[in-house]
Amino acid sequence: MLCLQDAKSFAIVSAMNDTLINLEATLFCGQTFAWTKEGSTYEAVLGGRNITFEESDFSALVAEDTMLSHYFDMEWDYEAAETELSTLDPHLAMLIRQYRSIHILNQDPWEVLVSFLLSQNNNIQRIRGMYRTLSKTYGTEVDPGAFAFPRPSQLDCVSEAQFRALGMGFRAPYLVSAISQSHLLEFIGSLDYQAAKELLKSIRGVGEKVASCILLFGYHHMEAFPMDTWMQKVMKRYYPTKDETYFAPYAALAQQYLFHGERLGGRQ
DNA sequence: GGCCAGGCCCCAG
DNA sequence: CTGGGGCATGGC
C-alpha cells in the first residue's frame, strides 16, 4: 500500500500502524542540528540520553519508547494533512510525492531557542558545528564522546567574550540574553500563538522568523510559517499573490516542503 | 576574493 | 513604519 519506490536517496521508515516518517529529511532539513548519520546509524543526545539506532530498528524503537515517539511526532496525522495540501496545490503535491512524510519534531524549546539564535545569517552546516561546539564545551558528557546540549544553568557564567572566542560571532550577546531570560520558556506553552510570539521577541536576537521557528519546532504550532531568504524566493516565484493563510491550517507543513524543495532543488 | 548563509538591531528618513 | 547598513565567520 505504501509507495517506497518514491524514496530515492532517502529511506522512508514505516512504523507504528503504518505511520511513515522520512527520517533523512526530517532530521537533516534544518529543524534540528543535534543529529549525525553514519551509514544507516543515527545518533544524538536527547533528554540527557545518548540515542543511537539503525534505520531498520526505528519502528521497534519508537514502539517501546514513548518519549522518542513523542519527539518524532508519531501520533500526529501527517497523511491527512499531506492529502489535503496535495489537493490544494499542485506544486506542493509534487514536493510531497518527492519527499513525503517529513515530520515536525517535538524538540526541547531551550535547544530550539539557541539553535535558531545561531541560525541567523548562517548556513545549516555551520549552525550544526556551532551547536556541537557549545555541547562539547559546556554540555554533560553522557557517554564517551557524546555530549548533551548545555542547560541554561550550565551557561550561567559564560560571558559574551567567551562565546565570541568560540566562534559565535555577533550572536554572542544574543546567547547571553537568552540565558538570562530562559525562564520565559516555561510560560510560552500556555499562551496563544500571537502572545507567545510577542513574548519570545522580547528576547534580544529573537525576531519574527526566529520566534516562528521556536513556536513550530519547540511548541508544535502548525500555523507557524517561518519566512527566511529561501522562503522569500519560493513565495515570489510560486505564490506571488498569496501568503501563509493559503495553506491553513497546515502552513508549517507546507513551509517545510517548500523550504526543503527549494534548498535541494536549487543547488544540490 | 567577493558573495552568501533558516536575520536582527539600529538608525535615518 | 519602512529601508538599508552592519554584523562574525567559513565555504564556495
Side-chain angles (χ1 to χ4, degrees), chain A residues 22 24-35 95 99 102-105 107-134 136-137 149 158-181 184 196-239 243-244 247 251-268:
Chain A
N22 183 339
E24 174 86 24
T26 297
L27 296 179
F28 296 99
C29 69
Q31 56 172 315
T32 172
F33 307 98
W35 291 87
L95 291 174
Y99 305 116
I102 297 178
H103 282 208
I104 305 291
L105 300 169
Q107 301 181 65
D108 175 67
W110 165 248
E111 287 194 28
V112 178
L113 166 59
V114 176
S115 296
F116 284 89
L117 280 175
L118 298 178
S119 78
Q120 53 183 281
N121 208 28
N122 210 343
N123 60 67
I124 289 178
Q125 186 164 351
R126 200 160 80 96
I127 300 165
R128 182 171 288 111
M130 294 161 88
Y131 177 98
R132 298 178 69 76
T133 295
L134 290 179
K136 285 185 177 175
T137 308
F149 189 78
V158 183
S159 67
E160 178 183 330
Q162 287 174 288
F163 283 129
R164 281 186 188 271
L166 282 177
M168 302 298 139
F170 66 88
R171 308 161 191 87
Y174 302 159
L175 296 179
V176 173
S177 166
I179 293 158
S180 69
Q181 296 188 266
L184 292 181
K197 184 183 279 185
E198 289 313 307
L199 184 56
L200 285 171
K201 284 162 76 172
S202 72
I203 299 173
R204 191 173 172 74
V206 177
E208 183 68 25
K209 191 270 177 183
V210 170
S212 300
C213 286
I214 297 169
L215 289 171
L216 178 55
F217 303 133
Y219 299 90
H220 216 268
H221 275 282
M222 294 297 271
E223 70 267 48
F225 197 74
M227 191 65 103
D228 66 344
T229 54
W230 298 93
M231 281 304 295
Q232 284 172 10
K233 291 180 205 163
V234 169
M235 294 305 285
K236 191 172 179 182
R237 189 188 316 159
Y238 296 100
Y239 307 99
D243 61 19
E244 69 267 29
F247 306 109
L253 203 59
Q255 191 272 356
Q256 282 301 289
Y257 283 98
L258 293 169
F259 173 77
H260 197 64
E262 180 68 12
R263 236 172 49 84
L264 267 53
R267 41 174 65 183
Q268 179 57 324

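Just so it is clear, the structure is predicted and the values come from calculations on it, not from any experiment. Letters A, B, ... are given to chains in the order of the sequence lines, protein chains preceding strands, and every chain is numbered from 1.
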Mind checking if [X] touches a base, just sugar-phosphate, or nothing, with heavy atoms under 4.0 Å?
X      : answer
A:F163 : nothing
A:R171 : base
A:Q256 : base

Ionic contact status for A:K233 with A:E262, cut-off 4.0 Å: no

side-chain hydrogen bond (donor to acceptor under 3.5 Å, both in side chains) with A:Y257: which residues, sequence neighbours excluded? A:E82

List the residues meeting side-chain hydrogen bond (donor to acceptor under 3.5 Å, both in side chains) with A:Y219, not counting sequence neighbours, and say none if there are none. none

Output the distance between atom CG (A:D228) and atom OG (A:S119), rounded to the nearest 0.5 Å. 8.5 Å

Compute whether any side-chain donor of one residue and acceptor of the other, for [X] and [Y], lie under 3.5 angstrom apart.
X      : Y      : answer
A:Q256 : A:Y99  : no
A:Q232 : A:T229 : no
A:Q181 : A:S177 : yes

Is the phosphate of B:dG7, meaning OP1 or OP2, less than 4.0 Å from a side-chain N or O of A:S119? no

Interatomic distance at P, B:dG1 relative to C:dA8, whole Å: 23 Å

Which parts of nucleotides 8-13 of chain B does protein reach within less than 4.0 Å, heavy atoms only, written one letter per nucleotide 5' to 3' as B for base, S for sugar-phosphate only and - for none? SSS---

Name all residues meeting the ring-ring contact (aromatic ring centres under 6.0 Å, His included) criterion together with A:F116; count only those two or more places apart in sequence or in a different chain, and write none if there are none. A:F33, A:F217

Shoot me the first and last contacting nucleotide of DNA chain C against chain A, ordered 5' to 3', at under 4.0 angstrom to non-hydrogen atoms. C:dC7 to C:dG10

side-chain contact (heavy atoms from CB on, under 4.5 Å) partner of A:Q31, chosen from A:L216, A:V112, A:L105: A:L105

Separation of B:dA5 P from A:M130 CE (nearest whole Å): 16 Å

Length of the line joining A:E262:CD and B:dA5:C1', which is rounded to integer Å: 14 Å

Give the ring-plane orientation class for A:F259 versus A:W230, where under 30° counts as parallel, over 60° as perpendicular and anything between as tilted. perpendicular

Identified stems (criterion: three or more consecutive Watson-Crick or G-U pairs, under 3.5 Å), DNA chain B: B:2-5 with C:9-12, B:7-13 with C:1-7

Evaluate whether atom CZ of A:R132 has more than 12 neighbouring non-hydrogen atoms of other residues, nucleotides or ligands under 6.0 angstrom away. no

Relative to the 5' end of DNA chain C, which residue comes earlier, A:N121 or A:Q125, by the nucleotide with the nearest heavy atom? A:N121

